[in-house]
Amino acid sequence: MLGLLFLAVHLLLAALSPLVVPYDPVAFAGGAAFAPPSAAHLFGTDNLGRDVFTRTLLGGRVALLITLAGIGLAVAWGGLLGMVLGLVGGWLDEALMRLVDAMLAIPETIFLLLIAGIVGTDHVVLILALGFLYGVGVIRIARTATLTLVAQDFVLAARARGEHQHTIVLRELLPNVLDMLLVEGALRWSWMLLAFSALSFLGFGVAPPTPDWGVMIAQNRSTFGIAPWATLFPSAAIGSLIIGINLFVGVLAKAIGLDRVDGITV
Amino acid sequence: MVELMLTLVLQRLLWSLLVFALVAVVIFVLLELLPGDAATAYLGRTATPARTAQLRERLGLDRPAVVRFAAWTSGVLRGDFGTSLARRAPVATFLWVRLRNSLLLGLLATLISVPLALLLGVLAGLTRDRWPDLLLSLLALFSISLPEFVIGTLLIFSFSLHFTLLPAVTLVDAAAPLAELLPYTVLPTATLTLMLSGYLLSLMRTSIIDALRSEHVQMARLKGLPPLRVLLWHALPGALAPVVTASAMIIAWIIGNLVVVEAVFNYPGIGTLALNAIQDRDLPMVQAIVLVLAGCHLLINLLADLLTLALNPQLRTLRMR
């Protein structure tokens with residue numbers, strides 16, 4: 001349950017950090033640039049003399065907000081469409097699944113960069129782009145899980161009772177794929193966080209001067225030799241968050257018997 | 001039997017081609033859906049009605065979408081990917097050499113990480129929950145959890161700033177001969193190898209543990225066969241098949257998403273080409289890159305499917321979907 005602890009601490013900090021940070025994240029903290037960690041600046045200062053501790057504490061907020069909304073959206077639309085396709089089958093299923101194959105072949109980072117570069121890095125745009133993109137992968141998972149269910153008695157019985165398709169999806173299928181969807185969603189959330197931080201790193205995610213781990217690493221890595229702390233602390237922050245999610249996913253997957261290699265889908 | 005194999009291979013090939021054709025449509029539609037078009041995107045804030053109209057005419061954007069799609073695809077089929085707006089030269093002059101450089105990275109990382117990670121994965125699986133496994137699993141956890149730009153930055157600091165052994169960023173031209181490019185591939189390849197190995201190791205570990213639990217392996221054990229023979233003859237073949245498929249997916253994903261690693265090392269691959277094209281809002285270039293990378297993705301997965309077929313005859317019919 002180490003993973004859950006990491007995750008809880010991160011979420012708590014993201015929620016409460018604005019109340020506890022010692023400095024203004026975007027203003028000079030009164031000290032010199034590249035000051036090493038000290039009592040006044042626990043994590044030192046960065047290239048502009050800003051407090052790295054403050055910026056690290058705040059640096060996950062936008063990423064967490066956007067990716068949590070994004071993954072919720074992805075699991076919702078991908079999960080629903082996948083269940084429907086698995087249930088109805090036929091040519092619609094066949095055609096859309098080929099489309100899913102085609103979408104999955106498109107390089108994810110370039111897709112996201114393209115949307116962010118042309119449409120903009122508005123939070124809503126990023127959430128919709130991430131939610132759409134990651135939902136495509138969820139379709140396949142939800143469909144595969146549904147296919148194993150549709151031949152089972154309780155679905156056949158519901159069909160024989162003459163239940164509507166949407167009733168079968170929501171009452172019969174959803175409860176049975178929900179835990180799997182949650183695990184897959186959590187796993188994909190970690191990928192989404194990595195992708196989003198890469199966007200920020202490349203200058204297409206969170207706009208400076210808003211504190212963000214990806215942006216902080218991008219801005220400070222060229223002076224790693226002088227002030228490693230300005231790169232290392234945000235790196236440790238994002239690393240520990242993703243490690244937390246991965247550990248948590250491992251525990252969840254084991255709990256519902258998904259920790260087999262055939263269950264792994266990319 | 002050979003006939004059946006041939007049919008399956010052919011079928012798989014046709015499916016991939018169909019999906020590839022769909023990819024072309026999807027990319028085209030996606031770019032159509034974006035606000036504005038190639039002309040307004042490229043001109044950005046410098047756009048005036050006159051300049052936009054001029055560029056539109058030059059690009060043929062005044063034609064209906066269907067006609068443009070037909071023109072683009074027939075160009076692609078002849079090897080003509082259009083003209084780069086920012087570089088004012090045919091896209092193809094940059095595309096292939098950059099793809100070559102990126103595939104070099106991908107190939108090197110694959111050649112190193114696949115044998116290494118599979119071997120270590122088997123070791124981890126065999127020593128399950130004891131210290132070699134715990135150590136390897138911990139390393140794998142770090143490798144899949146750290147962003148590639150963090151791994152890359154740490155490697156640059158260690159090997160090029162601290163020990164000054166290796167160049168941090170690429171200093172030769174994109175079209176340089178491979179031999180000249182090779183020193184600059186070391187650190188990006190190392191980053192990719194670390195990323196890949198974590199996933200592959202975990203996959204192999206899970207798969208071998210599954211295989212060792214399976215009935216036919218238990219049976220082989222009960223028959224009193226030597227442990228090494230059980231591992232190599234009975235457990236490993238079955239354990240490899242799912243790993244091949246999943247590994248290919250991960251490798252294909254990595255090839256498509258080299259942007260970040262290449263940007264960290266300023267490596268002249270197709271990823272940095274894409275990044276620059278997006279920064280320049282050079283849509284014809286982006287369109288071509290996405291198509292080519294999607295093609296690589298499908299090709300890698302196709303190869304893995306064929307390899308799986310060859311590895312395990314039982315899967316020939318099962319893995320049709």
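Treat the numbers as computed from the prediction; the structure is a model and nothing was measured. Numbered from 1 within each chain, the chains take letters A, B, ... in sequence-line order. FYI, side chains are in, hydrogens and waters are out, and symmetry mates aren't considered; it's all heavy atoms of this structure.
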- [ ] Assign the ring pair A:Phe201 / B:Phe149 to parallel, tilted or perpendicular, where the plane angle (0 to 90°) is split at 30° and 60°.
- [x] parallel
- [ ] Could you look at A:Leu193 and say if it's the side chain, the backbone, both or neither that has a heavy atom under 4.5 Å from chain B?
- [x] neither
Open item on the list: Using every non-hydrogen atom in the two residues, find where A:Pro107 and B:Asn257 come nearest and quote the distance to one decimal.
Closed with: C-OD1, 4.1 Å
Task: Interface moiety of A:Ile217 toward chain B, non-hydrogen atoms closer than 4.5 Å - done: side chain
Open item on the list: Less than 4.5 Å to any heavy atom of chain B: does that hold for the side chain of A:Met103, its backbone, both, or neither?
Closed with: side chain
TODO: Identify, with sequence neighbours excluded, every residue that meets ring-ring contact (aromatic ring centres under 6.0 Å, His included) alongside A:Trp77.
DONE: A:Phe132
TODO: Let me know which of A:Ile243, A:Leu194, A:Leu241 forms a side-chain contact (heavy atoms from CB on, under 4.5 Å) with B:Ser145.
DONE: A:Ile243
Task: Which portion of A:Ser240 sits near chain B, non-hydrogen atoms under 4.5 angstrom - done: neither
Open item on the list: Quick check on A:Phe34: does its CZ atom have over 12 non-hydrogen neighbours (other residues, nucleotides or ligands) under 6.0 Å away?
Closed with: yes
- [ ] Sort A:Ser197 into side chain, backbone, both or neither according to what part of it lies under 4.5 angstrom from a heavy atom of chain B.
- [x] both
Task: Contacting moiety of B:Val264, where chain A heavy atoms sit under 4.5 Å - done: both
Task: B:Leu154 versus chain A, the contacting section by heavy-atom distance below 4.5 Å - done: side chain
